[in-house]
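Here's the structure we're looking at; comments come further down.
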Amino acid sequence: MPTRPRIEASDVVFMYAPEPRQYDLYSGTVTGWGGRARSREGRALGEFLARVDEAKRRKMRYCASVDFLVDFGGFIDFCPDRFLDSVCRDLNGKPLTVPWLHDHSHKGHPAYWFCSNSPDYRNYLMDQTERACLAPIDGLHIDDYRGTSACAAWNSGCFCEHCLREFREYLKRNGKLSASEAEHFNYRDYLIAQGITAERYRQNPWTVPFRAEFQRFQREAMMNLVKQVYEHAERLRRKPLLRSVNSSASSPEALLVEPLVDYFCGEVDHHAASGKVSAEPLFVYRLVEAFDKRQTATASGWDWAWIAANEKPGMVRTWIAQAYAFGSVFMVPHNQWCYTPEKGTHWWRGKPEDFAYLYRFVREHHDLFDGYLPLTNTLLEVDEPRFEKAKALALAMLAASVPFAVLYRTPDGRPHTAGNSRTGGYRILSAERTFANLPEETRNQLRVESASSFIASLRRRVQKGGYPLVIHLLNRDYRVEEDAVAPADVSVHINNTLLQRLRLTPREAEVLSPEGRTIEVALQKSKEEIALEIKGAGLWTVVAVK
């Protein structure tokens with residue numbers, strides 16, 4: 001079986017295809033969300049081939065993209081006589097639209113939420129896939145991959161004829177209805193007969209009969225469709241393609257699609273309006289690493305709307321640094337989708353002079369990023385029933401620089417850890433723990449001391465050679481008024497029991513920073529620990545130890 005392609009920790013990923021010169025300014029390696037030909041011939045095809053060629057000439061990987069929701073206008077043109085037969089419907093049969101596209105229309109029609117269980121609409125998604133594969137692409141991204149399963153989860157749908165028919169077959173197939181019962185069963189009519197109104201379904205969907213089965217049906221249909229799209233594309237291109245979906249690996253629901261993708265590519269909430277640097281994205285990066293995958297992150301539309309309104313590139317720099325420091329990637333912020341209910345869709349364009357040096361730093365020192373995993377003696381056990389408890393504990397540990405990796409148990413009981421590490425030799429923390437009652441050995445793995453606020457990420461090299469240990473220090477003292485962090489002195493104390501996992505006796509340390517500043521470091525050893533004293537650490541300091 002061919003090896004699956006992957007995103008590396010030092011990749012520089014563009015969300016959309018930019019002006020070609022920006023690839024060079026940022027040292028780009030991947031285009032993650034590169035669109036497709038708008039038609040199979042003529043100018044539109046030529047423009048798409050040219051975009052792909054600009055990336056390929058730079059030895060970049062180019063991922064085309066398919067849209068499960070936002071290309072509603074394309075489907076109206078593709079199926080002009082009967083597109084309304086494929087619209088998602090609420091319990092009253094009312095057409096449903098995509099809420100965040102409320103300011104979009106096509107030929108007088110709103111942004112309908114088209115049903116991914118409709119045969120016509122599935123044909124259109126395959127047509128998109130084929131147009132994406134007209135160029136020598138390296139990957140395929142799916143936007144809004146959940147399709148109708150998302151509509152069923154929170155947008156009052158879907159009770160179109162396609163969903164009703166397929167759900168009836170699902171219930172029969174899974175023994176929930178007999179053949180004679182299934183012959184006459186109509187889920188919409190059944191709910192109405194039970195006194196369920198469209199309003200009640202919208203506000204409290206989980207209280208209605210057959211709700212759990214309906215959502216499982218929609219999830220199963222979604223997974224099958226996503227698999228079919230990828231497999232169709234790989235047959236056309238005759239090779240494994242780098243697969244991604246627009247999602248953050250932030251919840252059990254989001255992780256359902258994990259077996260089908262090579263990385264997650266999409267929005268992660270950064271809570272920009274708080275004026276502070278949120279630790280929540282760090283949990284996403286630590287979680288996805290349990291599956292040996294990465295998040296290529298951007299911020300949410302409302303985060304970018306706040307950045308656009310307040311012009312705070314310094315905050316964005318903190319987002320870039322923390323993604324790379326924790327083994328994931330933050331996509332180049334060259335052209336960012338912003339959204340508020342008041343303004344709808346708008347855009348913010350980042351300036352290369354504000355960000356390019358950070359990405360060039362990563363590429364110039366790729367050997368300090370690629371091939372590293374978290375260094376820890378502790379695994380935090382995460383599963384679906386206790387997910388929120390585990391997340392709360394993880395966030396507290398991340399904020400206090402307590403080293404850990406995630407041991408994620410999927411509903412079938414399979415364990416997932418970074419690097420597929422065996423759990424023997426690790427202390428396993430239950431989600432029932434609280435930060436206040438963490439074992440002393442867990443707390444004492446690492447101490448970070450400063451008059452300011454820092455988070456440390458310890459990364460161990462998996463293969464021989466290079467630096468066995470890399471320490472990323474993130475300065476959290478972001479001051480929104482100055483849109484900058486204040487450099488500060490910091491000391492890092494690593495317990496020798498943790499270093500024994502590396503079989504390392506530290507001899508020297510090299511300090512690097514994206515700004516290229518000279519930073520002093522002093523390394524001291526004792527029987528219990530090593531201590532590194534770093535003077536004037538700024539936004540992001542990288543300490544390579546050997």
Side-chain angles (χ1 to χ4, degrees), residues 9 248-256 258 264 268-269 278-295 297 322-323 325-328 372-448 454-460 462 469-472 474 476 492-495 497-502:
S248 66
S250 56
S251 69
E253 181 77 30
L255 290 170
L256 286 174
E258 177 275 326
F264 290 80
V268 177
D269 284 340
S278 172
E280 281 206 34
L282 305 184
F283 174 68
V284 174
Y285 307 146
R286 189 51 49 89
L287 181 60
V288 75
E289 202 165 30
F291 296 87
D292 278 333
K293 293 174 183 175
R294 303 192 197 286
Q295 178 79 48
Q322 67 181 10
F326 276 78
S328 274
Y372 284 82
L373 292 173
L375 173 62
T376 181
N377 284 326
T378 302
L379 298 177
L380 174 59
E381 194 170 32
V382 183
D383 56 25
E384 185 168 355
R386 300 174 296 171
F387 187 85
E388 291 303 324
K389 285 185 177 180
K391 179 180 177 180
L393 178 55
L395 289 172
M397 294 171 71
L398 287 162
S401 294
V402 177
F404 73 96
V406 165
L407 167 61
Y408 192 91
R409 296 193 188 277
T410 47
D412 59 8
R414 289 183 299 124
H416 297 267
T417 59
N420 293 314
S421 302
R422 295 181 178 179
T423 57
Y426 288 89
R427 174 180 288 276
I428 298 178
L429 290 181
S430 164
E432 307 301 330
R433 288 263 188 186
T434 65
F435 186 74
N437 69 7
L438 283 178
E440 188 175 343
E441 309 92 275
T442 298
R443 287 180 176 277
N444 290 345
Q445 294 176 93
L446 171 70
R447 295 193 333 274
V448 179
F454 283 84
I455 284 180
S457 171
L458 305 185
R459 310 283 294 173
R460 62 178 177 88
V462 178
L469 172 62
V470 173
I471 306 166
H472 296 265
L474 298 169
R476 312 291 284 182
V492 179
H493 304 259
I494 306 174
N495 194 290
T497 58
L498 185 54
L499 293 173
Q500 286 170 10
R501 188 167 289 278
L502 295 173

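The first residue of the sequence shown is numbered 1, and numbering continues consecutively from there.
- For the atom pair CG (Asn377) and CD (Gln500), the distance works out to 8.5 Å, reported to the nearest 0.5 Å.
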- [ ] Report the C-alpha separation of Thr423 and Leu407 in whole Å, then their side-chain angles, then the decisive distance to 0.1 Å, and conclude whether the side chain to side chain contact (heavy atoms under 4.5 Å, CB included) test is met.
- [x] CA-CA 8 Å; Thr423 57; Leu407 167 61; 4.1 Å; yes
Open item on the list: Evaluate Leu469 against Arg459 for side chain to side chain contact (heavy atoms under 4.5 Å, CB included), listing each step before the verdict.
Closed with: CA-CA 6 Å; Leu469 172 62; Arg459 310 283 294 173; 6.0 Å; no
Open item on the list: Test side chain to side chain contact (heavy atoms under 4.5 Å, CB included) on Thr378 and Leu429; report intermediate values, then the result.
Closed with: CA-CA 7 Å; Thr378 302; Leu429 290 181; 3.6 Å; yes
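- Taken to the nearest 0.5 Å, the CE atom of Met397 stands 12.5 Å off from the CD1 atom of Ile455.
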TODO: Begin from the C-alpha positions of Leu446 and Leu375 and carry the test side chain to side chain contact (heavy atoms under 4.5 Å, CB included) through to its verdict.
DONE: CA-CA 10 Å; Leu446 171 70; Leu375 173 62; over 6 Å; no
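- Of the N and O atoms on the side chains of Gln445 and Arg427, not one donor lies less than 3.5 Å from an acceptor on the other residue.
- Partners of Phe283 under the ring-ring contact (aromatic ring centres under 6.0 Å, His included) rule, at least two apart in sequence or in another chain, are Phe387.
- Taking each heavy atom of Pro374 and Phe404 in turn, the nearest pair found is CB-O, 4.3 Å.
- Closest non-hydrogen pair, Thr434 versus Asn437, comes out as O-OD1, 2.7 Å.
- Between Asn495 and Asn444, the closest heavy-atom pair is CB-O, 3.3 Å.
- Taking all atoms of both residues into account, the shortest heavy-atom contact from Ala405 to Thr376 is N-CG2, 3.6 Å.
- To the nearest 0.5 Å, atom OG of residue Ser251 and atom CG of residue Leu287 are 9.0 Å apart.
- Both tests do not hold together for Arg294 against Tyr285: distance to the six-membered ring centre under 6.0 Å, angle to the ring axis within 45°.
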TODO: Decide salt bridge (Lys or Arg N to Asp or Glu O under 4.0 Å) for Arg409 and Glu384; before the verdict, give the C-alpha distance in whole Å, the side-chain angles of both, and the deciding distance to 0.1 Å.
DONE: CA-CA 8 Å; Arg409 296 193 188 277; Glu384 185 168 355; over 6 Å; no
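- Heavy atoms only, all atoms of each residue included: Ala418 and Asp292 are closest at C-OD1, 3.7 Å.
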